[in-house]
Amino acid sequence: MPLRSKIIGTGSFLPDKIINNSDLEKLVNTSDEWITERTGIKQRRVVSKGESTSDLCLEASKRALQAAGMEARDLELIIVATMSGDMPMPATASILQHGLGAKHAGAFDLNAACSGFIYGLSVADNFIKGGTFNKVLLVGAEVNSRFLDWKDRKTCVLFGDGAGAVVLTSTKGRSGILSTHLHSDGKLWDYICVPGGGASHPPTMKTVKEGLHYIKMRGNETFKVAVKTLEKLVIDTLKANNIKPSELAMLIPHQANLRIITATAKRLNLPMEKVAVNLEKYGNTSSASIPIALDEVVRDNRLRKNDNVMLEAFGGGLTWASALIRW
Ligand code: UT7
């Protein structure tokens with residue numbers, strides 16, 4: 001039997017504060033009708049004053065550890081996938097490690113934007129399969145609200161805050177992570193970016209005045225690339241594992257746009273009952289969207305042992321990624 005990695009616990013955490021589409025109508029020239037029709041989003045959660053990314057990570061991680069029946073002190077590695085960490089340095093993973101009291105764990109952040117959770121899953125999977133680590137915590141967490149221009153209707157209606165976490169360990173048998181697939185096209189880096197605040201444009205009065213520290217997105221161009229790319233990705237992922245679309249029990253997609261999700265489901269001939277959708281409640285939480293959706297699916301008992309589950313994401317980089325799991 002091959003050595004594989006397996007998710008043995010999931011958890012998620014959403015901040016309390018809710019912003020409805022009707023609240024946004026008061027901020028920018030938009031409407032509940034436009035947002036619902038074009039994206040599927042009805043509301044999103046945002047952090048309150050004093051709340052940050054590591055706080056969301058901590059709550060989601062505690063829940064995942066509890067579900068796994070594991071103590072934080074037993075963890076060997078903590079990975080936080082985020083593009084909106086507490087600060088550029090140190091890693092949010094280190095702040096989380098301290099918060100959890102995970103004294104024996106190494107910790108680092110990983111940034112592959114909205115694909116970050118699946119990139120992290122691939123890293124964790126390979127560390128476990130290679131025998132380096134056996135108890136890994138992977139978190140996808142974002143506080144996008146602090147990087148949004150609340151005057152830009154093209155972006156502020158889309159994103160939300162939240163965190164999802166999984167605990168992984170090794171297993172021998174049929175179940176576990178079957179494969180992960182990572183891709184990027186850096187030529188299209190400026191389709192989604194936060195241009196300011198880094199080494200290219202360090203923060204100055206000018207960069208702040210120009211709003212370079214906010215998320216910028218060429219939405220329609222990104223949409224077209226996403227639909228085309230994801231349709232190929234999901235088919236390639238099934239082929240790599242010799243699995244037919246009809247053998248798929250559940251698709252857990254990144255929650256950016258309902259139209260992108262339904263296009264991918266259609267390509268797989270998958271009825272929407274087999275697709276995890278929660279973006280109406282949380283909007284696009286970037287690298288947190290898949291682990292939050294996974295946690296909801298697990299807690300709703302929608303997954304059975306040996307079910308084939310596909311995760312897929314697309315986002316800034318551009319990056320896109322998938323994973324096939326036998327639950
Ligand atoms: O998670 C990372 C990956 N991200 C994605 O995959 C996101 C991909 N993109 C999308 O989801 C969609 O492109 C959006 C939801 C961002 C936009 O939808 P769209 O159907 O592509 O709209 P559009 O950008 O082509 O804009 C159509 C119109 C424009 O007006 P004109 O030029 O036709 O007069 C926009 O100015 O809609 C306007 N518009 C809005 N109107 C009301 C753009 N944002 C808004 C808004 N409310 N919030």
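For ligands, and for the atoms within them, numbers begin at 1 and follow the listed sequence.
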Q: Assess the side chains of Ser5 and Asp125: does a donor N or O sit below 3.5 Å from an acceptor N or O?
A: yes
Q) Side-chain donor-acceptor pair under 3.5 Å between Lys6 and Ser175, yes or no? A) yes
Q) Taking the six-membered ring of Phe223 as reference, does the NZ or CZ atom of Arg259 fall below 6.0 Å from its centre and within a 45° cone about the axis? A) yes
Q: Using a strict cut-off of less than 4.0 Å between a Lys/Arg side-chain nitrogen and an Asp/Glu carboxylate oxygen, indicate whether Asp190 and Arg218 qualify as a salt bridge.
A: yes
Q. Which protein residues have a heavy atom under 4.0 Å from ligand 1?
A. Asn29, Thr30, Trp34, Arg38, Thr39, Cys114, Arg153, Lys154, Val157, Leu158, Ile192, Met217, Gly219, Asn220, Thr222, Phe223, His254, Ala256, Asn257, Arg259, Ile260, Asn284, Phe314, Gly315
(Q) Looking at Lys281 and Glu296, is there a salt bridge between them, counting it only when a charged N and a carboxylate O are closer than 4.0 Å? (A) yes
Q.
Just verifying a value: how many Å separate Glu25 CD and Asp32 CG, rounded to the nearest 0.5 Å?
A. 6.0 Å
